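Below is one structure, written out as structure tokens; comments come after it.
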Amino acid sequence: MERSNQKFLIVGGSSLRGTVKVNGSKNASLPILAGTLLCAGTVKIKDVPHLQDIKNMKDVLTYLGARVECDGKDITVDGSQVQSLEISEELMRRMRASNLVLGSLLARFGYVKMSYPGGCNIGSRPMNLHFKGLKAMGAVIREKFGYITAEAPSGLQGAEIHLDVPSVGATENLMMAAALAQGVTVIRNAAKEPEIEDLQKFLNSMGAKINGAGTDTIKIEGVSELRPTEHTVIPDRIEAGTYMVAAAITKSDITLTNVIPAHLDPLVAKLREAGVKVTVGEESVRVQGAGRPKAVDIKTMPYPGFPTDMQPQMMALLTLAEGTSVITETIFENRFKHVPELRRMGADIYLEGNTAVVRGVPSLSGAYVEASDLRAGAALVLAAMAAEDGTVLDGIEHIDRGYERIEKKYNALGARIIRVSS
Ligand code: EPZ
């Protein structure tokens, strides 16, 4: 990722108040944008957030020869003119999710060449399960000199695939590959995230025959071609969750709109266990933080367990809890990069393997800290808003990948965040 010279100056101590509309989901938009390549026509995706990761995906589609047009939060993709089937290393290194075009391109054209995606610094993030499934469908996968070449000259065949772990990306790539395969594919131990269900809904609106998304078994009956469609992505449950923790850590009263409350269940349960008042409406959630949270234990799990993408944000909250919390990260092997930065702000955290023991302290102090990845950066914004004085947060290009002008939306609620170029 290219370093920007931008930083946030954050003055803590103010409480937030008001209502905020949650954006469309980054992690639903990325696979769905990749899925537009399955169709030789014009597809419109609506309510897509303006994020660096989305721009990266648009650059990949354009590089492949698709025509991509943006109108506000709507993106139109015409994949009829796709010629190149090779994705440059520069593009692949920018964002791991670029690998989500693998299934679509292989299914529609029978050939893809791409370099290994940039491994995030939250873990090695291999693609062995993506390849295992595609090989079961008849693809020939070669890995050499850091490049992946996938070929299926006579098309993909339906297959029975069992995923060793319920990988979100592997489930998504295999759904898209199977949509145009000959015959029926069954994915067992599939990921059950809401973004998988949204991808199924999008693909079926193009004429695919998929069912079971949201369960651990997804059945895909291949069809010969897919047709243009329009689709509005689901709300971003992680952006919503980050606001909810912001309300708790700054002892504020915030109402979120454009949410699907069921997608927030694991977080609502945890916040209530920590003594935070959460009121769930039809399409809104209100969070009223008051006083120090109680210590709670967290174990990240595949959906519908507690989401790994909310682990850093919850840790920021629990650094101020009454008591000691135990946080276990089971999804990624290196997702505690925010710990040394929180310690610089006065947090008392002890790491033992994939477990963090967080002893609550009465307050945090401002410091010079650095974001190392997207959600770690969000956690540091939350901690800085709760700290008693000023914080300088570096590495904010990580935050811009997944949060649209985070300072604008939080300042509208009463936060004091200034973006400066150094
Ligand atoms: C998706 O990443 C999300 N990204 C991540 O969100 C999220 O943290 C993750 O799912 C888990 O929920 C997008 O949707 C764009 P995985 P993905 O494949 O698909 C291992 C954010 O902050 N694995 O479910 O890459 C892998 O190493 C991002 O928005 C294999 O071993 O995650 C990891 O330990 C961060 N082999 C575990 O599975 C494989 O072939 C889960 O990874 C694939 C994955």
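Everything quoted here is computed from the prediction, not taken from an experiment. As the structure lists them, so they are numbered: ligands from 1, and atoms in each ligand from 1.
Using a cut-off of 4.0 Å between Lys/Arg side-chain N and Asp/Glu carboxylate O, Arg188 and Glu160 are scored as salt-bridged.
The shortest N or O to N or O distance between Ala97 and ligand 1 is not below 3.5 Å. Taking distance alone, with nitrogen or oxygen atoms compared against 3.5 Å, Ile331 approaches ligand 1 more closely than that limit. Residue Asp309 places at least one N or O, backbone or side chain, under 3.5 Å from an N or O of ligand 1. Of the polar atoms of Phe332, none of the N or O atoms is found under 3.5 Å from an N or O of ligand 1, judged by distance alone. Polar contact with ligand 1: absent for Glu333 (N/O pair, distance under 3.5 Å). For ligand 1, the polar-atom distance check finds no N/O of Thr308 at less than 3.5 Å from any of the ligand's N/O atoms. The distance criterion of under 3.5 Å between nitrogen or oxygen atoms is not met by Glu172 with respect to ligand 1.
Of all the heavy atoms of Arg375, the ones lying under 4.0 Å from any atom of ligand 1 belong exclusively to the side chain. For Arg335, every heavy-atom contact with ligand 1 shorter than 4.0 Å involves the side chain, none the backbone. At a heavy-atom cutoff of 4.0 Å, ligand 1 is contacted by the side chain of Leu374 but not by its backbone. For Ser167, heavy-atom contacts with ligand 1 shorter than 4.0 Å involve the backbone as well as the side chain. Contact annotation: for Val165 versus ligand 1, heavy atoms closer than 4.0 Å belong to the side chain alone.
Here the straight-line distance linking atom CE of Met114 with atom OG1 of Thr149 works out to 10.0 Å at 0.5 Å rounding. Note that CZ of Arg93 and CG of Leu91 are 12.5 Å apart. Values are rounded to the nearest 0.5 Å. For the atom pair Arg237 CZ and Thr242 OG1, the distance stands at 11.0 Å (nearest 0.5 Å).
Each of the following atoms of ligand 1 lies closer than 4.0 Å to a heavy atom of Gly169: 18 (O), 19 (O). Listed by number with element, the atoms of ligand 1 under 4.0 angstrom from any heavy atom of Lys26 are 21 (C), 29 (O). Atoms of ligand 1 lying under 4.0 Å from any heavy atom of Leu129, numbered from 1 in the order shown and given with element: 36 (N), 39 (C), 40 (O). Atoms of ligand 1 lying under 4.0 Å from at least one heavy atom of His130, given by number and element, are 40 (O). Atom numbering of ligand 1 starts at 1 in the shown order; those under 4.0 Å from a heavy atom of Met127 are 40 (O).
In plain terms, the two heavy atoms of Leu226 and Ala208 that are nearest each other are CD2-N, 3.3 Å.
In this structure, the side chain of Asp198 engages the main chain of Ile234 through a donor-acceptor pair within 3.5 Å. Counting only distance, with no hydrogens or angles, the side chain of Glu193 and the backbone of Tyr303 share a donor-acceptor pair below 3.5 Å. The backbone N or O of Lys21 sits less than 3.5 Å from a side-chain atom of Lys409, completing a donor-acceptor pair.
Between the side chains of Glu404 and Asn23, at least one donor-acceptor pair of N or O atoms lies under 3.5 Å. For the residue pair Tyr403 and Arg375, a side-chain donor N or O sits within less than 3.5 Å of a side-chain acceptor on the partner. Glu329 and Thr300 share a donor-acceptor pair across their side chains, judged by distance under 3.5 Å alone.
For atom 2 (O) of ligand 1, the choice among Arg96, Lys132, Arg125 with the nearest heavy atom turns out to be Arg125. Of the listed options Ile238, Val168, Asp236, Val168 places a heavy atom closest to atom 10 (O) of ligand 1.
Each of Leu129, Thr185, Leu134 was evaluated against Leu174; a single residue qualifies, Leu134, per the side-chain contact (heavy atoms from CB on, under 4.5 Å) test.
By the 4.0 Å heavy-atom criterion, Pro126 is counted among the residues contacting ligand 1.
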